Each structure stands twice: as structure tokens, then as C-alpha cells.
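Shown next, in C-alpha cells, is the structure this report addresses.
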Number of protein chains: 2
Amino acid sequence: MTSSEQSPLTRKLSAFVALSEVELAVLERLHQRRRSFVAGRDMVHQGQSDQAAYILSAGWVCSYKLQADGTRQIVDFQVPGDFLGLRSVLLRTSDHSFEPIVNIEAAEVLKSDLLDAFAQTPRLATAILWAASRDEAMVVEHLVGIGRRDADARMAHFLLELGSRLALVGMGTKDGYDCPLTQYHLADVLGLSAIHVNRVLRQLRERGLVTFRDGRVSFEDHAGLVELAEFDAAYLDQSGPLLK
Amino acid sequence: MTSSEQSPLTRKLSAFVALSEVELAVLERLHQRRRSFVAGRDMVHQGQSDQAAYILSAGWVCSYKLQADGTRQIVDFQVPGDFLGLRSVLLRTSDHSFEPIVNIEAAEVLKSDLLDAFAQTPRLATAILWAASRDEAMVVEHLVGIGRRDADARMAHFLLELGSRLALVGMGTKDGYDCPLTQYHLADVLGLSAIHVNRVLRQLRERGLVTFRDGRVSFEDHAGLVELAEFDAAYLDQSGPLLK
DNA sequence: CGGGGGGTTGAAGTGCTTCAAATGAAGTGG
DNA sequence: CCACTTCATTTGAAGCACTTCAACCCCCCG
């Protein structure tokens with residue numbers, strides 16, 4: 001199997017853990033049950049079945065909570081290679097909604113599939129749990145950002161984190177990445193107004209740091225952006241438990 | 001065993017799951033290795049041993065991240081009955097620091113203890129994992145609060161959530177609870193300045209909603225506070241998986 | 001009695017929001 | 001093929017929520 005045939009999840013996990021032939025096979029088998037969802041319509045995953053999760057193989061999704069006054073807070077984005085609703089299978093998670101941002105392709109993973117896979121290959125189980133713990137670390141970092149970083153640093157940090165995540169599945173480089181998000185998405189994830197998002201983006205562009213335009217994020221001064229955001233990728237690149 | 005002898009964790013889990021004699025015994029056995037920590041000095045849990053977690057039995061702790069510019073964001077507080085560093089045992093978690101707010105009593109739980117307990121009593125395992133997932137839901141709700149609620153609602157929501165958590169372990173009622181936090185703690189958890197925290201508290205007091213004074217939170221108009229905060233305890237009171 | 005931590009208050013400044021309006025691109029129906 | 005909408009983006013102006021700076025108070029403790 002060549003690299004280009006691998007699923008994004010396989011790429012992601014392989015970046016941190018050397019998986020055996022058997023483990024790779026089990027992992028690919030988890031991708032059997034293919035599903036599609038159209039952009040904009042909620043997947044309402046939590047309502048219908050607590051038993052299934054999804055592995056996102058193409059497209060972007062956001063998970064968010066709506067407030068009574070109509071404002072929305074996006075908790076996290078999922079990009080190819082990410083799990084969706086994993087915790088609702090393993091544990092039990094808070095109810096938030098999932099909305100595909102573009103048309104997406106995902107593999108449905110039943111609870112039984114997952115438990116079978118875990119039983120067969122403990123190393124794979126650990127790798128997947130590592131990915132889940134990484135997601136949690138991102139939520140915590142997100143919390144810190146909203147609480148204690150100003151709008152510029154928050155935006156810079158967000159764009160850099162997304163870049164790191166995408167690079168891991170081969171969808172981005174230090175130069176930039178394709179990004180289907182609107183400025184409204186950025187506003188809802190960063191806890192800002194869309195108008196201010198626009199001004200912040202303009203400022204970052206005029207300072208020669210990064211350009212967000214026409215569905216593309218282009219890093220013009222990656223190092224400068226890292227400095228502005230005080231971005232330390234340690235919480236993303238932490239080596240998995242298997243490497244110890 | 002009477003209710004007053006039970007550990008806070010036992011009380012908490014019992015509120016959601018009817019535990020058998022055997023399960024109660026296993027749970028109490030997890031509390032054997034008693035430890036004390038003094039207020040103010042970091043427990044630096046993540047550095048020393050990835051193998052142990054703690055069950056907090058008395059006192060308060062906060063988990064936080066420090067930024068390069070010296071500002072601090074508190075991610076969560078732990079009160080009696082809560083786990084500390086549970087995820088660093090089961091999974092692997094982001095590095096944040098733990099600081100006891102007062103002198104605390106905790107039970108050290110080794111990875112092996114926990115796995116043994118889980119093997120003996122699957123229902124207990126599920127109950128503990130449910131508690132972990134509840135903690136996660138709180139972090140998400142916290143994120144939403146900082147992102148999309150104004151200072152008044154944020155404060156009201158925080159005080160109510162804390163009240164619910166404490167009531168579950170018998171340390172609070174609808175009238176209020178004892179609370180060792182300073183206004184600086186409130187500022188760092190809510191993403192505000194301490195000065196503004198003071199003004200917000202004054203305003204809530206003058207509106208006859210809640211009083212925060214001399215280590216005590218007193219609800220004067222619980223319903224009014226709930227309305228202001230748009231507080232919906234669903235994410236806290238979710239029935240555990242065992243009740244399904 | 002001096003010092004420090006927690007709390008309280010005022011005044012000034014600013015980062016962000018809200019309101020208002022215009023532009024360009026893409027889609028839709030007549 | 002063109003009016004008509006719709007949506008994402010852009011910009012300006014006004015307002016306000018929150019921060020920062022600067023005091024001062026109280027109480028406890030050495």
C-alpha cells in the first residue's frame with residue numbers, strides 16, 4: 001500500500017507510532033462502512049445512536065453549542081483523519097451538535113467494531129486513545145486562548161494549530177493550506193464578531209504574516225506568526241505512549 | 001456504613017448509580033493511600049509520575065496553564081469527590097499544573113489499583129468513566145461561557161455550576177456553600193481582571209441575586225440567577241450509562 | 001507597628017461589538 | 001440573458017464592556 005492510498009487517520013497515527021501490517025489491516029477494516037453527509041445539515045449524531053462514531057476521511061466538520069440568545073460557540077473543527085463522536089462511544093459525552101462545513105465522507109464505526117479492533121490490537125487501541133487525548137488537549141488550549149489571548153494572537157494561534165493538524169495528514173505545509181471556513185466560522189470558534197475577525201485578518205495580512213483569502217491560508221511569515229501567537233506545538237506533537 | 005462515613009467520591013457516584021456492597025468495598029479500597037498537600041505549592045503531578053492519579057477527599061485544587069506573559073488561565077477546579085490527573089493515567093493528557101488552594105487530603109491511586117478495580121467491577125469502571133466524561137463536558141461548557149457569555153452571566157453560571165457540584169457531595173445547598181476562592185481565582189477562571197470580578201460581584205449582590213463574601217457563596221435568588229446565566233444543569237445531571 | 005494579601009473604588013483608556021451600508025461573486029427564476 | 005436575491009466580505013462610525021493604573025481600606029500576623 002502506497003502512502004497515497006492510506007486513509008488520513010492511518011497517516012496521522014503512523015506519524016507517531018510504527019504500526020505493523022496486522023494493525024494497519026485492522027485499521028483499514030474500520031473504514032468499511034462509508035457514509036456521506038451534505039454540507040450545512042446537522043448530523044445530529046448524539047440523538048440517533050450512541051453506539052456509532054465516525055472517522056472523517058474527507059471534508060471538514062465543526063462541533064458547536066448553540067445558546068438561547070442565538071450565538072454559537074464552535075468547540076472544535078474536525079479535519080480528515082479525525083474522529084467524530086468517539087467519546088460518545090467510549091464514554092458518554094456532552095451533547096453538542098455536528099455540522100458538516102462541506103460535503104463530507106466518513107466511515108461509520110460501530111461500538112462493537114471498535115471494541116473488536118481494540119481486543120485484537122492493543123497497540124492500535126493505545127494509538128487511538130492517544131488521538132483522543134490529543135483532541136482534549138486542543139480543547140484546553142482553545143479555552144486558554146479565548147480566556148487569555150487577544151484577538152490577534154488568538155487568530156494566529158488558531159491558524160497555526162490548524163496548519164499543524166493538516167500537515168499531519170498531508171493537507172498542508174509551512175506555506176499554507178486550503179481552508180473552506182468562512183469568517184463567520186472563525187468568529188464563532190474564536191469568540192469574536194465576524195466584523196472584528198475581518199479587521200484582524202486584514203491586520204495580519206498587512207503585517208505580512210498570513211493571508212486568508214479565497215479558501216486558502218497562506219503563511220507569509222511563519223516564524224513571525226509563531227512568535228505573535230506564542231505558539232508551542234508541544235501539546236500537538238507529544239509523542240504517543242507507544243514510543244515510550 | 002452510614003452516609004457520613006462515605007467518601008465524597010462514593011457519594012457522588014452513588015447519586016447516579018446504585019452500587020453494590022462489593023462495588024462499594026472496592027471503591028473504598030481505592031482510598032487507602034492517603035496523602036496531604038499544603039496550600040499554594042504546586043503538586044506538579046505530571047512531572048513526577050504518569051502512573052498515579054488522586055481522588056480528592058478534602059480541600060480544593062485548581063488546574064491551570066500559565067502563559068509566557070504571566071497571565072494564568074484556570075481550566076477547572078477540583079472539589080472533594082473529584083479525580084485529579086485521571087486522564088494522565090488512562091490516556092495521556094495535556095500538561096497543566098495543579099495547585100492546592102487550601103491544604104488538601106487526597107488518596108493516591110496507582111494505575112495498577114485502578115485497572116484491578118476496573119477488572120473486578122465493570123459497573124464501577126463505567127461509573128468512574130462517566131465521572132470523567134462529566135468533567136469533559138464541564139470544560140466544554142466553560143469554553144462556551146468564556147467565548148459567548150458576558151461577565152455577569154459567566155460569573156452566575158460559574159457559581160451555579162460549582163453549587164451543583166458541591167451539592168452532589170453534600171457540601172452545598174440551594175442556599176449556598178463555603179468557598180475558599182479569592183477574587184483572583186475567579187478572575188483567572190473566568191478570563192476577567194480581578195477588578196472587574198469585584199464589580200460584577202457587587203452588581204450581583206446589589207441586584208439581590210448572590211453574595212460572595214468571607215469565604216461563603218450565598219444564593220439570595222437562585223431562580224433569578226439561573227435565568228441570568230441561562231443555566232441548564234443537564235450537562236451535569238446526565239444520568240450515567242448504568243441507568244440505561 | 002510594619003507589611004502583605006485580599007478586597008474596594010474611581011478615572012481613564014482601549015479592544016471589541018453593534019449598527020449601518022456598500023461591494024463583488026454566485027445562484028435562480030422569468 | 002438579465003433582474004433579483006443571497007451570501008461572504010469589507011469599511012466606517014459610534015458605543016460599551018472590560019482593562020489598566022492608581023489609590024486606599026481592612027484585617028491578620030510576625
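Being a predicted model, the structure only gives us computed values, none of them experimental. Proteins get letters first, then strands, A, B, ... in listed order; numbering begins at 1 in each.
Protein atom CZ of A:Arg149 is 13 Å distant from nucleotide atom P of C:dC16, rounded to whole Å. Rounded to whole angstrom, the span from the CG atom of A:Leu186 across to the P atom of D:dA8 amounts to 12 Å. Protein atom CG of B:Leu181 is 18 Å distant from nucleotide atom P of C:dG5, rounded to whole Å. Remark: P of D:dA17 and CZ of B:Arg154 are 13 Å apart, rounded to the nearest angstrom. A:His196 places its NE2 atom 15 Å from the C1' atom of D:dG15, with the value rounded to the nearest Å. In this structure, OH of A:Tyr184 is placed 8 Å from C1' of D:dC7, rounded to the nearest angstrom. In this entry the distance linking CG of A:Leu190 with P of C:dC16 reads 11 Å, nearest Å. Between A:His185 atom NE2 and D:dT9 atom C1' the separation is 15 Å, expressed in whole Å.
Ion pairing of B:Arg165 with B:Asp76 is present here, as a side-chain N (NZ or NE/NH1/NH2) and a carboxylate O approach within less than 4.0 Å.
Not a single donor-acceptor pair under 3.5 Å links the side chain of A:Arg148 to the backbone N or O of B:Gln73. Here the side chain of B:Tyr54 pairs no donor or acceptor atom with the backbone of B:Arg35 at under 3.5 angstrom. Proximity of a side-chain donor or acceptor of A:Arg134 to a complementary backbone N or O of A:Leu236 within less than 3.5 Å is detected.
Listed in residue order, the members of residues 201-212 of chain B having a heavy atom less than 4.0 Å from DNA chain C are B:Arg202.
As judged by a 4.0 angstrom heavy-atom cut-off over every strand, B:Gly40 is placed among residues making no nucleic acid contact. Residue contacts for B:Ala151: at a heavy-atom cut-off of 4.0 Å it reaches the sugar-phosphate backbone alone, with no base atom in range. Residue A:Gly191 is in sugar-phosphate contact alone, with no base atom involved, counting any heavy-atom pair closer than 4.0 Å across all strands shown. B:Thr182 comes within contact range of the sugar-phosphate backbone alone, with a heavy-atom separation under 4.0 Å but no base atom that close.
Residues passing the side chain to side chain contact (heavy atoms under 4.5 Å, CB included) test with A:Asp69, sequence neighbours excluded: A:Gln67, A:Thr71.
With values rounded to the nearest 0.5 angstrom, B:Ile55 atom CD1 is found 10.0 Å from B:Lys12 atom NZ.
One finds a side-chain N or O of B:Gln183 lying less than 4.0 angstrom from the OP1 or OP2 phosphate oxygen of C:dT8. For the OP1/OP2 pair of D:dT9 and a distance below 4.0 Å, the side-chain nitrogens and oxygens of A:Asn198 include no atom meeting the criterion.
Contact of the B:Phe37 side chain with the B:Leu56 side chain is not registered, since no non-hydrogen atoms from C-beta on lie closer than 4.5 Å.
Comparing B:Arg199 and A:Asp152 along DNA chain C, the residue whose closest nucleotide (by nearest heavy atom) sits nearer the 5' end is B:Arg199. If you find the closest nucleotide of DNA chain D to B:Ala194 and to A:Ala194, the one lying nearer the 5' end belongs to A:Ala194.
Remark: aromatic rings of B:Phe158 and B:Phe231 are distant, center separation not under 6.0 Å.
By the 30° and 60° cut-offs, the orientation of the rings of B:Phe98 relative to B:His96 is tilted. Between A:His157 and A:Tyr235, the two ring planes are parallel [angle under 30°; tilted spans 30° to 60°].
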What are the atom names and distances for every N/O pair under 3.5 Å that joins the protein to nucleotides 22-28 of chain D?
none

